[in-house]
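Working notes, beginning with the structure itself.
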Amino acid sequence: MWNVIVGEILLVIGAIFLFLGSLGIFRLPDVYNRLQAGTKCTTLGAFSTVLGVGFIEPHWMVKSLLVGVFLLLTNPVSAHAIGRASYRIGVKLWKGSVVDKLGEYREGKNA
Amino acid sequence: MTFWVIASYFLGGIVAYVLARPSRKIGAFVALLFSIYPLYALIPALDGGFYLRFTVIPYYLHLSFRLTLLGWFFALIAATLYSLSLFSAYSEKRDSFFLLSSMFSAGGLMGVFLAADYLTLFIFFEIMAFFSAFTFIREHRRSALKYIIYSLVGSYAFLAALLVINRSTGSLEITPLSGFGGSVPAVMSLFILAFWVKSAVMPFHPWAPSAYADSPHSYTPFFSGALSKSGVYGLVLAFFYIFAGFFKSHHAFGYIFAWIGALTALFAGIYALLQDDAKKLLAYSSISQLGYVAFGLGLGTSLSITGSLFVALGHAVFESLLFFVIAAVYIRTGTTMLTEMGGLIKKMPISFIALLFGIIAAAGIPPTVGFPGKWMLYEAVLEKGYPLLAGAIFAASITAFLYCYRLIYSIFLGPLKKEFRDVREAPFPALVPLLLLLIPLLFFGLFPGYVVDVTDSILREFGYLGVPHTPAKLLSGLGTFNGLAVGITMGAAFVIAFLVHAVFSRSRKVSELNNYTAGEVAEGVSMHYVADFYKFIERELHGFLKLRVEALFNWIAEGIGGLGEVLRRVYAGDIQAYLVYLILFLGFLFTLYRGVLRW
Amino acid sequence: MSAQVSGLIWIVYFMLVTAGIFLLALRFIFGPTASDRVVAVDGMTTVTTALLVILALFFRRVIYIDVALVYAVLAFIAVLAIARYLEGGL
Amino acid sequence: MVSPILAIVIPLAIAFLMPFFSALSRKSVKWVFLAVIAFNFYAAIMTFLRVLSGPILVVTAGIKPPFAINLLIGPLGGLLFLLFEGVAFLYAIFLLKAEIKEPVHRFFMLFLLNVAGATGMILTGDLFNLFVFLEITGISAYGLVGFKRDKKGLEGGVKYLILGSVGSTLFLLGVALLYSQVGTLNMADIAGRIWMLKKPTLYAAFIMFLVGLGVEAELFPMNAWVPDAYEGAHDTVTAILSTVLSKAGLYALIRVVFTVLSPQKAFLDLLLWAGLITLLLAELSALRQKNVKRMIAYSSVGQMGLVVFAFGMGSLFALQAALFQAVNHVLSKGVLFLSLAIMGKKREGLELENLRGIGRELPVTGLLFSIGALSLLGLPFLSGFWSKISLLLSTADLKLWVPLGLVLLASIIEAFYYLRTIGVFYTGTDFRFRETAFIRLLPVLVLVFVILYLGFRPGVLAPYLKGAAKELVDRSGYIGWVIGGLKP
Amino acid sequence: MIKKAFLILLVAFTGYVFFVAASARPFGSPRVVVSKRYLEKGLNETGSQNIVTSVVVLYRGFDTLGEVTVLFLAATALAALISGFPFERKERTEPSLVMSTASRYLFPLILLFGAYIFVHGHLTPGGGFPGGVVIASGFLLMFLAFRKYRVSEGGLIVTEGLAGFFYVLIGLIGLYLLGSFLASFLPPGRLHTLLSGGIIPLIYILIGFKVGSEMTGILRSLKGEDENG
Amino acid sequence: MAENIIFYGSSIALAAIGLLIALTRRNLIKIIIGLDLMETGVNMFLISIGYRRGGTAPIFDIPLSKAVDPVPQALVLTAIVIGVAVTALALTFAVRIHEKYGTLDISKLREMKW
Amino acid sequence: MKVSKWLYTVLVLLLLWLFLTGSTSMEEVIAGIVVSVLIALFASDIFTEKGLKNLTPKKIVCAILYIPYLFWEMIKANLDVAYRVLHPKMPIRPGIVMVKTRMKSDLGKLMVASSITLTPGTFTLEVDGDTFFIHWINVKAEDVEGASEQIPGKFEKCLLRFLD
Ligand code: NA
Ligand code: NA
């Protein structure tokens with residue numbers, strides 16, 4: 001039964017991180033910061049969930065992990081795509097941001 | 001035999017259509033041949049008729065034909081006039097489409113006279129209406145459409161009556177309606193509407209002047225002289241056969257109808273005075289003559305019915321004669337406007353003679369075919385003792401004198417226009433109908449008894465007594481008319497008058513080109529009397545003449561058109577509006593079924 | 001046959017995830033930029049994928065995991081498509 | 001022996017392969033198309049003949065109804081089948097010489113699938129399958145209407161698409177409602193279990209079906225797309241929309257109301273009045289149209305209204321008359337749209353003014369147009385007369401005097417604008433004779449020949465119409481054919 | 001504003017009344033007539049453990065042929081309508097390296113996954129339609145990630161044409177052998193394994209190919225060709 | 001009854017919202033989205049018809065005591081595919097219309113009226 | 001080379017297939033081979049550059065070892081985010097910094113970028129050649145210039161072993 005206990009713990013951790021990711025997306029100030037929270041926490045939350053499911057039903061582990069791995073591979077890419085698109089269409093950084101090397105770089109390139 | 005009487009026209013129409021493409025004259029000639037066969041078949045015999053079976057779901061409908069004496073009477077008139085009109089068409093070099101449609105319209109008319117059941121009657125009525133409109137829809141779309149719409153209103157009214165009758169009796173055979181369950185006056189009104197319209201009796205006449213004026217000149221004689229008889233035929237059938245029981249027991253109905261006829265005769269006569277177009281003048285004259293017919297039918301006595309039938313025959317003869325003259329004149333002058341003609345008497349003497357006899361008949365002067373019928377009608381109304389009605393009908397006959405005079409004067413008398421200096425007599429084929437029509441015009445005027453022989457048989461079929469007569473003599477309750485005697489007297493008087501004129505005349509002969517006056521002639525001002533001939537009447541009756549029933553019908557038509565204009569805006573092109581309609585309809589259905597849907 | 005997961009776990013899990021989805025929905029609604037909404041959607045797709053896997057466990061049907069996988073693939077591509085659209089790359 | 005199902009699946013298979021044919025030879029496409037339609041016509045004839053001795057039940061997947069989808073071809077289906085494939089065959093001949101914008105093979109694929117869809121609609125015995133075929137027919141029609149890719153085509157197409165998809169969504173909702181209560185989708189099976197329905201559901205389903213199918217059956221007020229789509233579409237497309245497609249939609253509506261839902265008085269009355277209002281409104285709208293194609297489009301709507309009106313009367317006689325009228329509408333509208341297509345080639349635009357004298361220029365086409373129009377108006381000895389008179393006789397039989405009067409009024413309006421058009425066609429003189437190619441005239445000639453033939457021998461249709469009408473009236477017969485004991 | 005309020009009211013009313021009509025049925029216990037048999041006999045009759053699949057491919061297989069046709073039709077109509085459209089976008093941004101690299105490596109995996117879905121349509125909640133869509137989405141990924149990625153039109157046409165044709169052909173073989181279109185002429189096979197379900201996997205594979213190529217074709221048409229590639 | 005409200009109510013609400021969008025928005029794309037929503041609502045309705053209390057997916061990889069009705073699922077599959085097809089076509093129309101008319105405003109599409 | 005690429009692709013795909021089916025029965029394997037072969041036929045070119053050379057034992061071991069490392073970083077990242085999100089004052093100092101990567105291959109860059117995104121406080125916003133632009137949630141003034149070593153450096157050490 002140890003596997004169920006582990007699984008349950010993983011599930012709870014997963015749920016917490018999923019929630020935190022959502023909270024981050026809700027709370028943080030600009031798109032880029034939201035992406036930070038969204039990508040990291042939801043990915044880990046989801047991974048933890050599928051791992052937990054795999055522990056509870058060991059037969060499912062492989063398949064369940066496939067889902068997790070897929071998320072692991074794709075979430076950073078989609079976050080990158082969103083972030084890049086946002087920057088390119090001129091979504092402003094939060095006013096508290098301290099440095100924008102990309103802006104400088106692009107200006108230098110255009111000049 | 002009966003089958004070929006009708007089929008000959010349709011077959012001939014198709015053959016002529018094909019042959020007229022290479023040569024119009026050949027087409028017209030072939031059409032003439034095909035139109036003569038029915039005449040040949042009709043003159044000798046009355047046979048029993050035939051049935052054509054058309055199995056149509058859901059009913060086993062069949063077309064049946066039967067040659068009755070009444071039908072024969074009118075069919076013979078129609079066949080004769082149609083053949084004659086083809087002579088004129090030959091001169092006018094009418095094209096294939098005209099030949100097709102006119103042949104089909106003649107076939108349709110023949111079918112109307114020979115139909116033994118309502119459906120057949122309706123079918124041929126439709127064919128006749130459509131194809132007579134087709135003869136001139138190309139050149140005069142407006143008047144043709146007007147004509148066809150009036151016709152359709154009539155024939156659909158008839159169709160409705162037919163459906164009611166079929167619903168009640170389960171049969172479509174033309175028989176007297178006895179023990180009829182439905183509302184007889186309603187059905188009868190629907191029934192006679194079609195024929196009322198077709199005979200152009202007021203107030204359903206507005207189609208006629210424009211249609212007569214705009215139809216091909218060679219076709220108008222048939223149109224006016226024969227096609228309108230389908231209306232008379234239907235009215236006779238309705239009053240004295242199908243609804244005879246109702247008609248006999250409701251005198252007021254006949255009385256009102258007689259008044260309608262009399263007023264038609266009178267007012268159409270007045271309108272005729274005011275026309276500048278010869279064909280329009282004749283059109284109103286035609287309406288007026290049919291007013292007499294309606295008048296006689298409304299009176300409903302043996303004498304009056306006989307009179308009506310006689311007037312119908314007379315009208316067919318002289319009215320078409322007059323139209324034929326106009327057609328002949330048109331071939332040479334290219335106009336039918338009275339104000340543009342004049343002085344043609346020496347250029348077209350035969351036409352002049354024909355027209356002269358025609359107007360004598362139209363004015364109801366013996367010894368022509370125009371007189372006996374009217375005489376019988378006068379006698380009948382006097383016998384009945386309706387003095388006001390008699391006054392109206394006498395007044396109507398005065399108008400006939402006036403417009404007839406104007407007609408002959410404007411065309412043949414007075415000064416000759418320069419442009420008509422080289423006009424010749426009309427071509428021979430166009431004169432054939434004139435000459436041939438003079439025969440019945442005089443013969444039936446002199447011997448009205450031969451006609452009354454037929455009408456007596458018809459009346460007896462309807463359960464009426466005949467009119468006592470001999471070949472030349474007619475007897476009424478109030479007097480006697482001897483056509484031959486009157487004819488001889490009149491003829492003698494005419495000869496004497498002519499001699500007196502020839503011998504003792506002192507008047508100076510002036511050229512027809514002489515303008516009567518010397519000095520400056522203002523260009524563009526008509527020096528012809530006829531321009532303002534009866535203007536005073538128009539002035540006097542101005543207010544009254546403005547009250548035209550045509551305006552009412554136009555108003556209705558425009559109202560429907562305007563409604564269409566408004567309603568088609570439903571299709572506004574806006575897809576969201578369309579969606580809203582759909583949803584509104586859903587909502588409507590929910591509301592409709594709210595009881596079931598419980599909300 | 002297979003081990004039961006404590007009811008409390010379900011309650012905790014679903015409550016947290018529901019709360020998360022609710023927050024994401026708020027972000028989606030309030031934006032303020034299109035990018036913010038896409039971020040919310042992206043987050044939501046991941047949460048939904050996890051949820052589908054959890055539902056497989058809840059109903060004890062392994063076949064539902066296939067559904068989660070299909071969903072993850074399609075959602076990923078959809079988000080990429082939106083991102084590409086946003087930057088004018090379509 | 002040809003299985004009727006082949007008339008649906010062979011066109012599908014060939015449509016799938018059409019790009020290959022196009023790659024082999026661009027010209028082969030229309031011949032392949034013609035060949036498939038010819039096969040369908042052959043199948044229709046064979047089926048029609050077989051139906052004379054009894055209905056045909058075609059099961060799919062080797063499983064008896066109601067557990068698998070089945071086709072059922074009774075007298076009604078057989079008649080429409082023959083009619084549709086025959087007309088489509090004529091259009092296929094007409095299309096041999098038609099100018100079609102690129103990509104040509106796609107046009108023919110769409111057309112083929114359109115015919116197959118309409119065929120499926122009339123043959124299927126399953127309600128949801130009907131929905132699928134409705135969509136096939138609809139989507140191919142949207143594509144065909146927009147095919148010209150000009151302003152008008154696109155506008156007409158998108159309007160049709162929007163209304164059509166709302167309509168089919170509603171239809172689907174109706175199907176869902178029925179399924180929720182009877183648990184089956186087979187039309188005969190539902191018909192047999194209709195007593196299980198609660199009344200609210202029955203009525204709600206009827207509403208959904210009426211509104212949903214009313215779009216295709218061109219009923220007011222769901223028909224607003226019709227003039228726009230007809231005007232915008234390619235001429236032959238307009239012809240197939242007006243003849244085959246509208247009838248397929250009508251068939252679906254009638255089948256659902258009469259067989260599936262049972263013809264309640266309330267439903268029939270609604271059909272009657274909806275048809276009548278459609279008729280009047282459409283005829284009035286046609287009255288002032290300047291564009292002849294649009295005018296005929298309105299007239300087509302009006303005719304559909306007339307047919308629905310007749311169905312709404314519900315008596316055996318009325319149903320026969322309605323079917324006869326529908327047949328005649330197919331014949332006449334085919335003639336009108338095809339001859340208009342020929343005329344359109346000679347003139348710029350189809351405004352009435354532009355067509356002055358066209359009847360002189362194209363004497364045969366003009367004559368054929370006139371005959372088609374006159375048949376529609378009910379000129380005696382053209383087939384339209386007999387259907388109209390039987391329709392009116394049954395109206396009188398039911399003592400529907402007010403509707404009778406309105407129908408006659410509508411006929412007068414219709415006569416007015418058609419005769420005006422014919423008048424304009426023959427107005428003027430001195431037009432050069434330039435009749436079109438015989439192969440294009442041939443289909444029109446055939447249609448007119450049928451109109452004339454039926455005009456003189458209307459009785460030949462009688463037994464088939466009667467059988468078809470009986471099929472509609474006798475629900476238990478239909479149920480028995482499918483569920484009872486017909487050997488598959 | 002009034003118009004809008006009116007429309008809202010109308011729609012709400014329609015929805016409400018429809019809800020009343022819809023909820024006349026007691027929820028959660030449907031009157032199962034045909035599906036009862038599917039659930040009870042379907043497994044042994046068709047050999048497919050996924051009953052939805054056996055309903056889709058066999059019991060209502062004729063619908064599915066129609067459904068495939070609808071998709072084909074949409075692809076055809078779309079290609080016809082888009083033909084001649086001037087795709088004149090010049091200012092397309094380049095996809096990022098991260099994205100294109102990721103897509104490159106994911107693409108075969110997604111295709112495989114799509115194939116897995118339609119091959120196992122009778123065993124798992126998959127089938128030709130989702131499988132085909134997943135495959136098409138793989139192509140979409142490539143379209144998104146590479147401006148110059150091209151799919152040969154010929155290949156697509158051949159795939160969809162042949163897949164559709166073979167679908168009908170399988171139906172016709174059933175008609176020929178068993179007298180009924182789309183009848184399963186193969187035995188149900190060993191239950192719960194890949195080789196079960198008679199003709200079901202066959203058809204679902206064809207559908208997978210067809211849907212995949214059609215959806216890809218649709219995407220291809222909508223993408224158009226810009227001047228760079 | 002609670003299930004009625006949740007399942008039927010939400011699907012009908014979805015359809016109604018879609019309809020409202022189609023009725024009030026002027027942008028063709030939005031109208032298409034509205035129609036799509038409507039369809040989705042109907043599909044949801046169809047799916048909820050097949051629901052049975054305690055039912056699960058009708059896939060017999062394990063012995064089942066109670067499965068939901070498979071037929072609505074099959075139907076919805078078909079309906080969805082059809083919906084996709086229609087939507088794709090509609091969007092193509094939108095693309096072409098934007099090209100020809102220079103706008104997606106549906107009220108400007110009145111080349112043909114009356 | 002072509003065959004090598006193709007074989008490599010087939011192997012990877014077949015492995016995935018077996019994971020997906022979770023079965024090693026004959027028919028599944030055959031089906032998997034057929035599918036993999038078919039897909040590899042036209043996808044192998046874009047799937048791999050080196051083919052079977054990717055499969056040296058060293059590379060495999062390194063790849064496997066990388067996973068726990070990444071996970072450890074991920075967990076740290078999540079705790080970091082959790083802290084910042086839950087903290088009432090939200091202690092963040094975001095900014096975009098520029099870093100250079102040593103990875104040459106596309107795959108290497110992808111892995112670095114993804115790893116950066118998944119690990120504490122950073123995510124890859126833009127890539128231009130070997131220049132990465134990183135959004136950093138808590139930039140300290142002194143970090144801006146030395147970011148290259150700090151951010152990608154730690155992954156690259158590991159990644160270089162099995163990728164480039
Ligand atoms: Na994601
Ligand atoms: Na849609």
Side-chain angles (χ1 to χ4, degrees), chain B residues 21 53-61 97 108 119 122-124 126-127 130 133-134 137-139 141 144-145 148-149 152-153 156-157 159-160 162-164 166-167 557 560-561 563-573 575 577-579 581-582 584-586 589-590 592-593 596-598, chain D residues 158-159 162-163 166-167 199-200 203-204 207 210-211 215 221-222 224-225 227-228 266 270 281 284-289 316-317 320-321 324 374 379-381 385-386 389-390 392-397 399 404-405 408 411-413 415-416 419-420 422-424 426-427 458-459 461-462 465-466:
Chain B
R21 293 212 149 256
R53 198 165 283 276
F54 282 86
T55 314
V56 182
I57 49 83
Y59 301 85
Y60 287 84
L61 300 175
F97 186 73
L119 186 68
F122 172 74
I123 285 173
F124 283 93
E126 286 267 283
I127 291 178
F130 272 93
F134 284 163
I137 195 167
R138 295 173 298 172
E139 295 86 5
R141 204 182 326 137
L145 283 174
I148 196 80
I149 293 305
L152 281 179
V153 169
Y156 283 162
L159 178 61
L162 172 167
L163 294 170
V164 179
N166 180 68
R167 173 71 185 70
I560 289 177
L563 189 64
E565 185 66 33
V566 171
L567 287 179
R568 81 193 175 102
R569 278 162 203 271
V570 168
Y571 300 91
I575 181 68
Y578 299 171
L579 275 179
Y581 301 157
L582 193 148
L584 274 175
F585 188 57
L586 260 180
L589 292 178
F590 281 137
L592 194 67
Y593 295 141
V596 178
L597 294 170
R598 288 189 316 245
Chain D
V158 81
K159 283 176 186 168
I162 290 175
L163 270 188
V166 170
K199 246 193 165 177
Y203 274 67
I207 291 172
L210 179 67
V211 178
V215 176
M222 288 77 72
W225 60 273
D228 294 352
L270 200 69
L281 224 62
L284 282 170
S285 304
L287 196 52
R288 291 277 174 103
Q289 292 301 327
L316 187 66
F317 286 171
Q320 295 176 55
F324 196 5
L374 290 174
L379 189 76
F381 299 110
F385 173 78
W386 300 111
I389 198 92
S390 0
L392 292 172
L393 281 166
S394 28
T395 314
D397 259 0
K399 293 194 170 177
L404 178 73
L408 291 177
S411 299
I412 289 175
I413 297 171
F416 177 77
L419 291 173
R420 181 183 59 193
I422 293 176
V424 172
Y426 287 97
T427 304
L461 269 184
L465 295 175
K466 195 165 186 185

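Values below: every heavy atom of this structure, side chains too, minus hydrogens, waters and symmetry copies. Worth saying up front: this structure is predicted, and the values here are computed from it rather than measured. Every chain is numbered from 1 and lettered A, B, ... according to where its sequence line falls, protein lines coming before strand lines.
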Looking at D:Val215, D:Ile413, D:Leu392, D:Val166, which has the largest count of heavy-atom pairs under 4.5 Å with chain B? D:Leu392

Distance (rounded to the nearest 0.5 Å) between B:Tyr578 OH and D:Ile162 CD1: 11.5 Å

Carefully, step by step, assess B:Phe130 and D:Leu419 under the rule side-chain contact (heavy atoms from CB on, under 4.5 Å). CA-CA 9 Å; B:Phe130 272 93; D:Leu419 291 173; 3.8 Å; yes

Taking all non-hydrogen atoms of both residues into account, name the closest pair between B:Gly573 and D:Asp228 and its distance. CA-OD2, 4.0 Å

Let me know if B:Ile148 has heavy atoms under 4.5 Å from chain D in its side chain, its backbone, both or neither. side chain

Applying side-chain contact (heavy atoms from CB on, under 4.5 Å) to B:Leu589 and D:Tyr203, what does each step give before you reach the verdict? CA-CA 9 Å; B:Leu589 292 178; D:Tyr203 274 67; over 6 Å; no

Kindly compute the distance separating OG (D:Ser285) from CD (B:Glu565), expressed to the nearest 0.5 Å. 9.5 Å

B:Arg138 side chain to D:Thr427 backbone, donor-acceptor under 3.5 Å: no

Using non-hydrogen atoms only, which part of D:Leu404 is less than 4.5 Å away from chain B: side chain, backbone, both, or neither? side chain

Region of D:Val424 that comes under 4.5 Å of a non-hydrogen atom in chain B: both

Which atoms of B:Val153 come close to chain D, meaning under 4.5 Å heavy atom to heavy atom: side chain ones, backbone ones, both, or neither? both

Partner chain D: residue of B:Leu586, B:Ile560, B:Leu119, B:Leu145 with the largest heavy-atom pair count (under 4.5 Å): B:Leu145

Shortest non-hydrogen separation from D:Val211 to B:Phe585 and the atoms involved: CG2-CD2, 3.8 Å

Is it the side chain or the backbone of D:Ala266 that comes within 4.5 Å of chain B heavy atoms, both, or neither? both

Nearest heavy-atom approach of B:Tyr571 to D:Pro227 is CD2-CG, 4.0 Å

To the nearest 0.5 Å, what is the distance between CG (B:Leu163) and CG (D:Leu408)? 7.5 Å

Any side-chain heavy atom of D:Ile389 sitting closer than 4.5 Å to one from B:Ile123? no

CG of D:Leu163 to CD1 of B:Ile575, rounded to nearest 0.5 Å, is 4.0 Å

D:Leu287 CG to B:Leu563 CG distance, which is reported to the nearest 0.5 Å: 9.5 Å

Need one label for D:Thr395: side chain, backbone, both or neither, based on atoms under 4.5 Å from any heavy atom in chain B. neither

Heavy-atom pairs under 4.5 Å with chain D - which of B:Val566, B:Ile137, B:Leu162 has more of them than the others? B:Ile137

What is the ring orientation for B:Phe97 with D:Tyr426, classed by angle as parallel under 30°, tilted 30 to 60°, or perpendicular over 60°? parallel

